[in-house]
Structures are given as C-alpha cells and as structure tokens.
Participant: 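Once you've had a glance at the structure underneath, I'll fire off some questions.
Lettering follows sequence order; numbering is per chain, from 1. Predicted, not measured: the structure shown is a model, and the values here were computed from it.
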2 protein chains.
Amino acid sequence: MKLNDITIKDIAERANVSKSTVSRVLNDLAIVNPKTRETVLEAVESLGYQANVFARGLASGRSMTVGVVTQKIGSPFYDMMMQGVIQGFTGTGYSPIFVDGQWEQNTELDVIRTLMGRKVDGLILLGGDISQKDLDDLRDRMPTIVVGKDVAGWEDQCVYVDNFSGAYDATNHLIEFGHREIAIIRGIMHHQDAIRRFQGYAQALSDASIDLDPDLVLDGNFSAQSGILAVNSLLMRGKSFTAVFCANDMVAYGARLALQRKGIRVPEDVSIVGFDDQAESSYVSPPLTTVRQPGVEMGVVAAEALVKLMQGGTCELPVMKALLQRRESVSRIISP
Amino acid sequence: MKLNDITIKDIAERANVSKSTVSRVLNDLAIVNPKTRETVLEAVESLGYQANVFARGLASGRSMTVGVVTQKIGSPFYDMMMQGVIQGFTGTGYSPIFVDGQWEQNTELDVIRTLMGRKVDGLILLGGDISQKDLDDLRDRMPTIVVGKDVAGWEDQCVYVDNFSGAYDATNHLIEFGHREIAIIRGIMHHQDAIRRFQGYAQALSDASIDLDPDLVLDGNFSAQSGILAVNSLLMRGKSFTAVFCANDMVAYGARLALQRKGIRVPEDVSIVGFDDQAESSYVSPPLTTVRQPGVEMGVVAAEALVKLMQGGTCELPVMKALLQRRESVSRIISP
DNA sequence: GATGCGTCTGCAACCGCTTTCAACTAAATG
DNA sequence: CATTTAGTTGAAAGCGGTTGCAGACGCATC
C-alpha cells in the first residue's frame with residue numbers, strides 16, 4: 001500500500017519526457033514510441049503512480065464512475081442485482097457508486113441529481129418509480145440503463161424479467177397440481193412487477209377456464225407482514241382456497257406463518273408459491289416453490305450494457321426468463 | 001431536473017461579483033457582505049448551479065466521498081450495516097462509495113487502493129480480513145472506522161457488537177430452559193466473530209458447570225449448507241443433543257431443515273438458536289430465537305463517527321449490545 | 001486632513017491532468 | 001537533393017474550482 005503524492009510531472013521528469021507523453025501512454029490514445037512507452041511505464045511502476053481522478057475528471061470530463069440507484073439496500077432482489085452490477089463493472093475501470101432511492105419518487109430524483117453533480121458517466125436504475133417523462137429526460141442527458149422494469153420505448157436500455165410468464169408458470173403449476181381455488185397476494189399495484197404478475201396469474205386461470213374470484217385477490221406490499229395480514233383476512237372471511245400465489249418470497253413466508261398459526265399445514269392443506277427465490281427460500285420449511293429471478297445476471301448484463309453505451313456503442317438486451325423452482329410448498333390435490 | 005453546464009463563472013457574472021466571492025459564499029469560509037451574499041445565492045438558485053466536484057476536489061484536495069468496504073453485498077448483516085451507513089451520511093454532504101472485498105484479503109487491499117485512488121476522504125471497513133499492520137498503516141493515512149470487529153489499539157475507531165455476551169446469553173437461555181447437551185455450529189474460525197461467539201458459548205457452559213463436549217462442536221462457514229452438513233454429521237455420529245446454537249441465522253435455517261428431514265421436530269425435539277436476527281427470522285417456521293445485532297445502528301454510528309474524524313475531531317464509540325430475541329425455536333426441557 | 005484599521009472584494013496563481021497544435025525527426029518520394 | 005509524409009513529441013491552453021494576497025472602501029482616531 002503506497003500513498004500517492006506523485007503526479008504526472010514526477011513521472012515525466014523521471015522518464016525524461018513531457019507530461020503530454022506520459023498522459024498518452026497512460027491513456028494510449030496516440031502512437032508513442034515503444035521505447036519511450038516502456039520508460040514511462042517503468043517510471044510509473046517504480047514510483048507507484050496513480051492518476052488523480054479529479055484532475056483527470058476535470059480535464060477530460062469523464063469521471064469513470066457510474067451511478068447506481070437502488071430502492072432499498074437490504075432487499076433481497078435488489079441486492080442480487082447490486083452484486084451483479086459490481087461484478088459486471090470489475091475490470092472495466094468504472095466504479096459504481098450506489099445510492100438509495102428508498103422507494104420514494106422525490107428521494108429518487110434527489111439522489112439522481114446528486115449523482116449528476118458527481119458527474120457520473122452513466123446511470124443504472126434498479127427498479128424505481130420515476131415518471132416516464134423524467135426517464136426520457138434523463139436518457140437524453142446520459143447513458144442510462146433501467147433494470148427490473150420495462151419502459152416504453154427503451155427496449156434496448158432495459159433489462160427485466162418476464163414477470164408475466166413467470167407468474168403464469170407458477171399459477172399454471174398450481175393448476176396442474178389440481179388446484180382451482182388459488183388466492184393471490186399481490187404486490188404494490190402501482191409497481192409494474194406486481195401488475196404483470198397479477199396479469200400472468202389471471203391469464204393462467206383464464207386459460208384453464210377458471211373464473212377469477214375477486215374474493216381470492218388480496219393486496220399486499222411485498223412485506224412478510226402483509227402476507228400475514230392477507231391470509232388472516234382471507235381466513236376471517238371464511239373463503240375456501242387450496243393455494244396461495246404470493247407477490248414475493250417474503251410475502252410467502254408471512255403467509256405460511258399465518259396459516260400455521262391457524263393450524264393449517266403447508267403444503268398438505270394449502271400450497272404456496274412465491275416469487276424471487278431469495279437465498280433463504282431453499283431452506284425454510286417447507287422449502288419454498290418459487291419463481292427464480294436471475295438478479296445477479298441482470299446486474300451483470302446491465303453493467304456490461306452500460307459500458308457499451310458509455311463507449312458510444314449500442315446494445316441489445318435480452319428479456320430475462322423467470323424460472324419456476326419446484327420445491328416442497330406445493331402439493332397435488334387428490335381429486336375427490 | 002436540470003443539467004449543469006453552469007459554472008461558477010456564470011454565477012459570478014450573473015451576480016456581478018468575482019468567482020472568489022461566489023466561492024466564499026458557497027463555502028462560507030470568509031465574511032461576505034450579507035447583501036452580496038444574497039445576490040449570489042439568488043443567482044445560484046435561479047441558474048440551478050451545482051459545483052463541479054472535480055474542480056472542487058482538485059483545488060481543495062477534499063473529495064467529499066468516503067469509501068465503504070463491505071464483504072459481500074447481499075449478506076444480510078453487512079447489508080444492514082450498509083443501510084445504516086447510507087442513512088448516517090445523508091445530509092452530511094459526504095457520499096459513500098461502496099466496494100466489495102469478497103471476503104478476500106487481496107481483493108480487499110485492491111479495492112482499498114482503488115478507493116484511495118479516488119481520493120476518498122475517509123474509509124469505513126465493514127468486517128474484513130486485512131492484517132493489523134495494514135490496518136495501522138491505513139489509519140495513518142486517512143480517517144478510518146472499522147465496523148464489526150474490534151481491533152487492538154483502535155478502541156475509538158471501532159464499532160462492534162459484543163459477540164461474546166450475545167453468545168453467552170443465547171447459550172445461557174438454552175441452559176435455563178433445561179438444556180445440557182447443547183451443540184454449536186461455529187463460523188469460520190479465523191473470523192473474530194466466530195471466535196468470540198464460541199468463547200461466549202464455552203463460558204456459559206462452564207459457568208453452568210457443564211463440560212464442553214468436543215463432539216458437540218461442529219465447524220461451519222456461516223452458510224445454510226454448512227448448517228445442514230453439520231447437523232447431518234452430528235446425527236450420523238449418533239451423538240445425543242437437545243439444542244443447537246448456530247453461528248448465524250442462515251446456519252440455523254440449514255440446521256432446522258436437516259433436522260426436519262430426519263423427522264426431528266424443532267423445537268419439540270431439538271431447540272435452535274441463531275445469531276444476527278435477519279429479516280426472515282421472524283417469519284420462518286418456527287420463528288427463530290436468535291441474537292439481534294443492531295446492524296443498521298452500527299452503520300449509522302460508524303458514519304457519524306467518521307464524519308467527526310474527517311473534520312478533525314475525535315469520537316468515542318460504544319460497544320453495541322447484542323440482544324437475545326426469544327421466539328419459538330427453543331422449548332423447555334421437562335426434567336425427567 | 002492624515003493615519004490606521006477593520007470589512008469586503010477581486011486578481012491571479014495554482015490543483016494535476018487532457019488535448020490541441022505546431023514542430024521536429026527520419027524515412028520515403030520525386 | 002528538395003520535398004513529402006508518417007511517426008513522435010513538447011508547449012501551452014484550458015477544465016472549474018480554491019485561496020493567498022493586495023487593494024478599495026468606510027469609519028473612527030489622532
């Protein structure tokens with residue numbers, strides 16, 4: 001570990017060249033005599049030189065940092081994406097700087113402003129609530145990738161999973177196992193994910209000629225607590241159901257607990273499926289059948305795409321597949 | 001949302017003063033005529049001026065960013081601390097930039113170097129493995145706070161929880177409930193936390209005049225999988241035990257699952273206690289008795305302390321208490 | 001009225017790097 | 001041998017702030 005009070009000038013002197021030349025070999029954006037180049041590199045090495053980012057940023061206008069707006073550090077799915085983003089940027093020379101939008105539109109705009117103040121070269125938005133207009137404005141201003149939701153007109157700057165088909169598959173799985181009274185605990189309904197998942201659920205029912213029973217549709221907010229509340233209200237209303245499709249895994253945990261508290265067994269009496277496949281879901285009791293979102297990959301893909309974008313290229317982003325993980329929280333209904 | 005191609009010069013012209021004056025009111029480090037001040041502020045406001053961090057950084061030497069080294073984004077406990085850190089810095093003018101050490105000493109040194117290259121004004125290390133010597137070096141170079149472990153000689157730059165007494169309390173809780181054959185699944189034993197927790201466990205046993213049975217001491221690595229493995233090996237050896245104290249909650253989940261697979265009920269047949277109290281633990285089955293680490297608070301405290309440190313002050317850091325959360329994974333042993 | 005002393009402000013020199021532009025060298029061409 | 005030409009290089013002008021220093025001004029003091 002070395003401290004760096006060494007500037008480009010020191011290198012220049014040491015290598016007997018001008019600052020310009022040093023800068024050139026460091027950024028190799030012009031032809032430099034291989035021998036000179038060697039000398040400079042040696043000087044850099046032996047002095048342990050590291051360029052001052054401020055000076056570089058000021059002069060070049062590029063900061064080599066990118067802003068990443070997450071919604072809630074500590075939320076399993078967003079954390080996976082963050083991991084992916086970090087992974088995707090390692091070795092590219094860009095450093096991500098993370099800020100938290102706290103699921104709040106104004107906070108989000110604020111932190112983006114801060115980020116722009118820090119002159120980030122690009123932006124990755126993980127989820128988020130800001131309006132299409134603001135989004136469009138943003139895109140005009142700097143390379144931006146949105147992760148975890150699809151935005152109209154942003155086809156090539158968006159990486160998201162196909163929530164619809166994920167939910168469809170999950171619901172269909174329940175149907176195939178003989179379930180017909182399938183409740184759903186939805187997420188926050190102004191979130192796109194929540195809407196798409198609900199649509200997938202509805203479509204699967206409809207395709208199986210099962211009427212969607214509004215009494216089986218509960219609203220939640222992606223928290224375990226909301227899963228508990230939803231199940232309790234379902235139970236209180238005396239509504240009969242054999243399965244619950246949950247907005248995400250946390251909700252599923254809550255739902256399972258609420259059921260157990262009433263002496264209802266999972267999956268013997270009621271089946272449950274979640275969404276996300278967070279790390280714990282393989283180990284809870286019973287191991288949770290859920291839809292796996294490839295969070296880490298999404299992060300990686302987003303980072304790589306942004307790098308391309310920042311370098312003036314374009315990119316084509318795949319729609320990520322959400323895959324059903326069959327575990328043990330769903331059981332077959334024996335038709336009477 | 002406004003773009004900022006506006007420089008201090010624009011403000012100066014608009015307000016009919018010199019750049020210096022603008023700079024002065026912006027940093028208020030000299031007396032400026034209230035009226036002039038007002039004019040400048042107005043200009044700033046109406047033009048939506050935001051200082052260029054590079055220019056400022058270059059000129060002043062301060063970057064107003066701090067580096068935060070975490071070990072693994074996505075790991076519940078570290079995430080909590082990150083949240084806390086973000087929270088602690090909001091409104092201070094400093095932005096944290098997060099990097100991931102990946103639980104790897106060399107990676108960790110690398111990322112710290114990167115951070116120093118970015119001229120961070122201070123450093124927060126969440127956990128980490130780097131040697132005391134490197135740590136001491138680091139401290140000489142810049143304000144540093146270590147979170148999640150206690151380092152000799154760093155009493156006032158360390159925020160950590162009392163793992164020993166947390167583990168002691170947890171073990172003691174089991175003992176009070178009549179358990180005498182208490183297994184432990186330890187963490188990675190070159191981690192301080194793991195060591196301290198084991199010591200707490202051992203002490204509690206000893207204070208209750210229970211001999212520590214080496215056969216009941218299993219090694220794990222903080223993962224759910226290692227919990228499964230440990231329990232299986234315990235079972236295979238036919239060792240009798242009525243309780244398991246786990247290195248953390250993930251291990252506890254794994255342990256619970258492994259027991260269930262063998263038809264052993266928790267808590268009726270075997271009691272379990274974890275460590276961390278991650279979000280899911282209240283909702284798993286049975287809700288997990290565990291030791292709560294105040295991760296968020298630790299992050300906040302660390303951030304606040306670092307700010308003080310960077311401003312040339314000193315700080316006194318409290319040892320955080322780890323509190324036992326009694327839930328339902330521990331049952332009383334009816335003495336025969 | 002000259003002097004002294006705060007108060008407030010502008011000038012200009014950096015901070016360390018990038019980047020244009022011109023210049024210089026040596027080899028290639030006519 | 002004069003003239004291109006391509007390959008290299010250095011000087012210098014910024015980039016947008018901060019900050020030491022000197023100067024201008026108003027006012028009390030002598």
Participant: Of the listed nucleotides (D:dT18, C:dC17, D:dT8), which one gets closest to any side-chain atom of B:R56?
Facilitator: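 In terms of side-chain proximity for B:R56, the closest of D:dT18, C:dC17, D:dT8 is D:dT18.
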Participant: Between D:dT9 and A:T21, is there an OP1 or OP2 to side-chain N/O distance shorter than 4.0 Å?
Facilitator: no
Participant: Of the candidate nucleotides D:dT8, D:dG17, C:dC17, which contains the atom at the shortest distance from the side chain of A:P34?
Facilitator: D:dT8
Participant: Calculate the interatomic distance between A:Y49 atom OH and C:dG16 atom P; express it in whole Å.
Facilitator: 10 Å
Participant: Select from B:V32 and A:K9 the residue whose nearest nucleotide in DNA chain C is closer to the 5' end of that strand.
Facilitator: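 Its nearest nucleotide being more 5', the pick is B:V32.
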Participant: If you check the B:A55 side chain, which of C:dT18, D:dG17, C:dT9 turns out closest?
Facilitator: D:dG17
Participant: Minimum heavy-atom separation for B:M116 to B:R141, with atom names?
Facilitator: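 For B:M116 versus B:R141, the nearest heavy atoms are CE-CD, 3.1 Å.
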Participant: Is A:A51 touching bases, backbone alone, or none of the nucleic acid, heavy atoms closer than 4.0 Å?
Facilitator: sugar-phosphate
Participant: Write down the atom of A:M81, the atom of A:V147, and the distance for their closest heavy-atom approach.
Facilitator: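 Closest heavy-atom pair between A:M81 and A:V147: SD-CG1, 3.5 Å.
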Participant: Rounded to whole Å, how long is the line connecting atom CZ of B:F54 with atom C1' of C:dG16?
Facilitator: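 Roughly 13 Å, once rounded to whole Å.
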Participant: Which comes earlier along DNA chain C counting from the 5' end, the contact point of B:A30 or that of A:K19, where each point is its nearest nucleotide?
Facilitator: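 Taking each residue's closest nucleotide, the earlier one in sequence belongs to B:A30.
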Participant: Can a donor-acceptor pair under 3.5 Å be found between the side-chain atoms of A:R24 and the base atoms of C:dT20?
Facilitator: yes
Participant: Which whole-number value in Å describes the distance from A:I8 CD1 to C:dT19 C1'?
Facilitator: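 Result: 11 Å.
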Participant: Among the nucleotides D:dA11, D:dG17, C:dT9, which one has an atom lying closest to any side-chain atom of A:S18?
Facilitator: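 For A:S18, the side-chain atoms sit closest to D:dA11.
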Participant: Return yes if the base of C:dC11 and the side-chain atoms of B:S20 contain a donor-acceptor N/O pair under 3.5 Å, otherwise no.
Facilitator: yes
Participant: Between C:dG16 atom P and A:L58 atom CG, what is the distance in whole Å?
Facilitator: 12 Å
Participant: Tell me whether the rings of B:W103 and B:H191 are parallel (<30°), tilted (30 to 60°) or perpendicular (>60°).
Facilitator: tilted
Participant: Rounded to whole angstroms, how far apart are CE on B:M64 and P on D:dT18?
Facilitator: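 After rounding, the gap between these two atoms is 11 Å.
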Participant: Between C1' on D:dG16 and CD on B:E13, what's the gap in Å once rounded to a whole number?
Facilitator: 13 Å
Participant: For C:dT7, take OP1 and OP2 only and decide whether either is under 4.0 Å from a side-chain N or O of B:N33.
Facilitator: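 So the side-chain polar atoms of B:N33 never come under 4.0 Å of the phosphate oxygens OP1 or OP2 of C:dT7.
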Participant: Does A:V17 reach a base, just sugar-phosphate, or nothing at all? Heavy atoms under 4.0 Å.
Facilitator: sugar-phosphate
Participant: For B:R56, give me all partners under side chain to side chain donor-acceptor pair (under 3.5 Å), at least two apart in sequence or on another chain.
Facilitator: B:N27
Participant: Between B:K308 and B:C315, what is the shortest heavy-atom contact and its length?
Facilitator: CD-CB, 4.3 Å
Participant: Hey, which sits more toward the 5' end of DNA chain D by its nearest nucleotide, B:V22 or A:R37?
Facilitator: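 Checking each residue's closest nucleotide, the 5'-ward one belongs to A:R37.
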Participant: Taking B:G61's backbone N and O only, do any of them form a donor-acceptor pair with B:K119's side chain (distance below 3.5 Å, no angle check)?
Facilitator: no
Participant: Does B:T36 have a side-chain nitrogen or oxygen under 4.0 Å from the phosphate oxygens OP1 or OP2 of C:dT9?
Facilitator: yes
Participant: Does D:dT18 have its OP1 or OP2 closer than 4.0 Å to a side-chain nitrogen or oxygen of B:S23?
Facilitator: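 For B:S23, the contact criterion (side-chain N or O under 4.0 Å from OP1 or OP2 of D:dT18) is met.
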Participant: Whole-Å distance between D:dG16 P and A:K119 NZ?
Facilitator: 9 Å
Participant: Determine whether any donor atom in the side chain of B:R62 lies under 3.5 Å from an acceptor atom in the base of D:dG17, or the reverse, and answer yes or no.
Facilitator: no
Participant: Could you give the CG-to-C1' distance, from B:D10 to D:dC15, as a whole number of Å?
Facilitator: 14 Å
